[in-house]
Structure formats: structure tokens, C-alpha cells
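Notes to accompany the following structure.
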Amino acid sequence: MTLGYRLLRRFWRQGLASEGARELIRHAFDDLGLSRVFAETMAVNTASRATMNSVGLHYQRTLQM
């Protein structure tokens, strides 16, 4: 399962990304029975990294491309 999203700037900092991420994580574990969820973002995207952290995801490593 993959999730991608972009929000218009006027909708930033309203909790929409966190709300969506929490529901996706709930769905993955509760409805689909998955045992792990992975997320990724660009290293410079500190807002997305903060959102991931706020929903319980933890930084593991930076991949070099």
C-alpha cells in the first residue's frame, strides 16, 4: 500500500496530514492485519518528517540515491 498527498499551502498546519496518516496506520494494522508500516519523505522536508513523528513513526535512516 502506498499513500501520497499534497496539500495546498492554505491547508497546511491544520492537522489534515496527521489525521490522514493516523487513519492509514489504523487501517493498515486493524483492517488489513499488516505488521509494519513504512513511510518516506525527502530529507529536507522537515514538516513531513515532523508529521510522521507525530503519528508514531520513527526515523530509521537516510537513503542516498
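Considering CG of Leu24 and CG of Leu32, their distance stands at 8.5 Å, rounded to 0.5 Å. Rounding to the nearest 0.5 angstrom, the gap separating the CZ atom in Arg22 from the OG atom in Ser54 is 5.5 Å. The distance from the CG atom of Asp30 to the CD1 atom of Ile25 is 11.0 Å, given to the nearest 0.5 Å. Taking CE from Met52 and OG from Ser18, the interatomic distance works out to 11.0 Å, rounded to the nearest 0.5 Å.
Each salt bridge (Lys or Arg N to Asp or Glu O under 4.0 Å) pair with one or both residues in residues 34-54, not counting sequence neighbours, would appear here, but there are none.
What you find for Leu7 and Trp12 is that their closest heavy atoms are O-NE1, 2.9 Å. Taking both residues in full, the closest heavy atoms of Phe29 and Leu34 are given as CD2-O, 3.0 Å, listed atom of the first, atom of the second, then distance.
Annotation: Glu19, atom CD; neighbour count of heavy atoms from other residues, nucleotides and ligands within 6.0 Å does not exceed 12.
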